[in-house]
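Worksheet: one structure, shown below.
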Amino acid sequence: MRQALEAAEAAFAEGEVPVGAVWISKDAAAFAAYNLKERRHDPTAHAEVLALRKGAEAFGRWRLGGTLYVTLEPCAMCAGALIQARIDRLVYGAADPKAGACGSVVEVAREPRFNHRIEVIGGLLAGESERLLQLFFSRLREKKAVNR
């Protein structure tokens, strides 16, 4: 999770929403990424998706398994990607009461009708993840107020 927080801090420095993710394969290879929606003008450039893409490319397969660490509870798109990648375990920091799809708003990761379910552990280093997100959005609001 510390690596995911470092990735989130890099996103923050670039003006991206500070969410970081690290996928750890079953043989301990690690692939980190952070949100790049703004830079890439890509609505799918979430940290989770980018980390999974790195792993899939490196291993030459889409069935990844392993564990994904992410600083914010995944949205529905990302939770769906985790299911498609056959991720075994998700560990996230801060809950997302507006868009979380791993228990906060909806439950995608453990939906019994899907062919794959993910072990979900929430709240790891949640305070650090929340503080970074709060600081980012606070500064964004200040910037918007100044530009009015």
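Computed from a predicted model, the values in this text were never measured in an experiment. Worth knowing before you read on, the calculation uses all heavy atoms, side chains too, and leaves out hydrogens, waters and symmetry mates.
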Legend entry - Note: R131-E128 ion pair, threshold 4.0 Å (strictly below):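 So R131 does not pair with E128 through a salt bridge.
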Would you compute the distance between atom [atom1] of [X] and atom [atom2] of [Y] and round it to the nearest 0.5 angstrom?
X    : Y   : atom1 : atom2 : result
Q3   : F31 : CD    : CZ    : 11.5 Å
E48  : C75 : CD    : SG    : 6.5 Å
L82  : L52 : CG    : CG    : 5.5 Å
S25  : L68 : OG    : CG    : 12.0 Å
H46  : L36 : NE2   : CG    : 11.0 Å
L124 : T71 : CG    : OG1   : 11.0 Å

Given side chains that start at C-beta, do those of [X] and [Y] come closer than 4.5 Å, heavy atoms only?
X    : Y    : result
L133 : P18  : yes
I121 : L90  : no
V146 : E142 : no
Y34  : E9   : no
I118 : H116 : yes
F137 : V17  : yes

Strictly distance-based, threshold 3.5 Å: is any side-chain N or O of [X] a donor or acceptor partner for the main-chain N or O of [Y]?
X    : Y    : answer
R117 : P112 : yes
N35  : K37  : no
E73  : C102 : yes
E16  : R39  : yes
D88  : G66  : yes
E107 : R110 : yes

Inset, instruction - Over 60° means perpendicular and under 30° means parallel, so classify the ring planes of F136 and F12, tilted if in between. - result: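 The arrangement is perpendicular - the two ring planes meet at more than 60°.
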Inset, instruction - Any chance you could lay out the side chain to side chain contact (heavy atoms under 4.5 Å, CB included) test for S129 and L72, step after step, and finish with the verdict? - result: CA-CA 7 Å; S129 298; L72 181 65; over 6 Å; no
Same apolar cluster: [X] and [Y], side chain cutoff 4.5 Å:
X    : Y    : answer
M77  : V105 : no
V106 : I87  : yes
L125 : L132 : no
V49  : W62  : no

Write down the atom of [X], the atom of [Y], and the distance for their closest heavy-atom approach.
X   : Y    : result
R61 : L64  : O-CD2, 3.6 Å
G80 : V108 : N-CG1, 4.1 Å
M1  : G93  : CE-N, 3.5 Å
A45 : L50  : O-CD1, 3.7 Å
Y92 : V120 : CE2-CG1, 3.7 Å
V22 : A4   : CG2-N, 3.5 Å

